[in-house]
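See below for the structure under consideration.
Atom set for the values below is all heavy atoms of this structure, side chains included, hydrogens, waters and symmetry mates excluded. Along the sequence shown, residues are numbered consecutively beginning with 1. Ligands are counted one by one from 1 in listed order, and the atoms in each one are counted from 1 as well.
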Amino acid sequence: MVELAKTFIEKFGPGAEPKTYFSPGRINLIGEHTDYNGGHVFPAAITLGTSGVARPREDTLVRVYSLNFPDLDVIEFDVNETANRPELNWANYVLGMLVSLRKQGFQTPNGFELAIEGNIPNGSGLSSSASLEMLVGVVVRDFYNLSLSTLEMVLAGKATENNFIGVNSGIMDQFAIAFGQVDQGIFLDTNTLEYSMVPVVLTDYRIVIMNTKKRRELADSKYNERRSECEEALRRLQTQLDIQALGDLSTEVFEQHTDLIGDDTLIKRARHAVTENERTILAKEALTSGKLETFGQLLNASHASLKEDYEVTGIELDTLAETAQQQEGVIGARMTGAGFGGCGIAIVETDKVAAFKQAVYDNYLTVVGYEPEFYEATIGSGARGL
Ligand code: GLA
């Protein structure tokens, strides 16, 4: 933060004292690709995230700088602009939030200066973009004294992705990042938006994040295609079933009606959404009652379903998760986030973490040809002023 505050003055000059903010990234324990299918998710905010130093301006200019993209230098736009511009690069997320908030009726009359620095690797599936969106949310709520609820801020972030960036994502990432609390997972029903905070008590185990280092941008991944496939499967099921979302179905009822879908690929996509929702509910129960082994097995089953039925893993994530699952002291491992590259998580016995990392590293290097990266995940609190 000291470095960032210095950079802020270098880039924007002296003046009124700026304020500091932090917005986390997230992992998802389980409940993948269920949030746009009316199912459950079980994410948590982490202590990696985006730091920001900001100060309001008297005029309508917004000037932003990222220590992660120094070559782009200060990016500037007018607070009243309405459209995504490629030249704005990462600042499109900042503009997108302002546009989305205005559409929700929250006025943003004047501009601001913002310097940021993130330690979530971009494109790693730990939601660096939602982290930035929620950072902007807390900054502008503060600067314009907006009576913006946390849920409204979350919805503005989702609208930014859906309408401004072009990713048809669900609500999980922004929800986790805005509502996160230390050592708590968020068990969220994405259909009703009811949620409960669940203590993540792992006793002698740690959550290790494994980064494939394979970058992907969701805008050009098959994310939107998967979403459309699920919508089509739902439409076909609705010809005879009275359901609003795939999340309304039990696996049993689903399996009795697959003939309504009549297409193997669509059946597999929908099967993942249905079974993953059930696994998520069971995993939350297992964790709550201290049945860590059951919890771990559900994580492994989630990965298998994302690999076989949803087909969003690929050699990199499969190598990490499956190698991890075979190591001593590991109770479960899976990809986390959208897939197509990005990160996985493993629940590893504390004493075995070093040996675990070495073994997974070695095998990944042999199979994939480049190095993975590991971070120990600590569950932290949501986006906030410091
Ligand atoms: C991305 C999206 C989320 C969710 C996950 C998959 O992170 O932003 O809304 O769909 O993928 O579970």
State which residue, out of Glu373, Glu371, Glu316, fulfils the salt bridge (Lys or Arg N to Asp or Glu O under 4.0 Å) condition with Lys213.
Glu373

Between Thr258 (side chain only) and Phe254 (backbone N and O only), is there a donor and an acceptor less than 3.5 Å apart?
no

The side-chain contact (heavy atoms from CB on, under 4.5 Å) partner of Ile347 among Leu299, Val330, Leu292, Val208 is Leu299

Does an N or O from Glu32, backbone or side chain, lie closer than 3.5 Å to an N or O of ligand 1?
yes

Mark up the atoms of ligand 1 that fall under 4.0 Å of a heavy atom belonging to Tyr223, in ascending order.
1 (C), 2 (C), 3 (C), 4 (C), 9 (O), 10 (O), 11 (O)

Are there more than 12 heavy atoms of other residues, nucleotides or ligands under 6.0 Å from atom NZ of Lys291?
no

Within the 4.0 Å heavy-atom cut-off, what Arg26 brings close to ligand 1 is side chain

Would Ser127 count as a polar contact of ligand 1, with the cut-off being nitrogen or oxygen pairs under 3.5 Å?
no

Any nitrogen or oxygen of Asp173, side chain or backbone, less than 3.5 Å from one on ligand 1?
yes

Under the criterion side chain to side chain donor-acceptor pair (under 3.5 Å), I'd like the reasoning laid out for Ser169 against Glu161: C-alpha separation, chi angles, the key distance, then a yes or no.
CA-CA 7 Å; Ser169 50; Glu161 295 287 345; 4.6 Å; no

Does any N/O atom on Tyr36 come nearer than 3.5 Å to any N/O atom on ligand 1?
no

Look at the rings of His33 and Tyr36 and say which category their plane angle falls in: under 30° parallel, 30 to 60° tilted, over 60° perpendicular.
perpendicular

Near Ser169, which atoms of ligand 1 are under 4.0 Å from a heavy atom of that residue?
2 (C), 8 (O), 9 (O)

Atoms of ligand 1 close to Met172 [distance to a heavy atom under 4.0 angstrom, numbered from 1]:
4 (C), 5 (C), 12 (O)

If you measure every N or O of Gly170 against every N or O of ligand 1, does any of those distances drop under 3.5 Å?
yes

Please say whether more than 12 non-hydrogen atoms of neighbouring residues, nucleotides or ligands are located less than 6.0 Å from CD in Gln104.
yes

State if Arg227 counts as touching ligand 1 under the rule of any non-hydrogen atom under 4.0 Å.
no

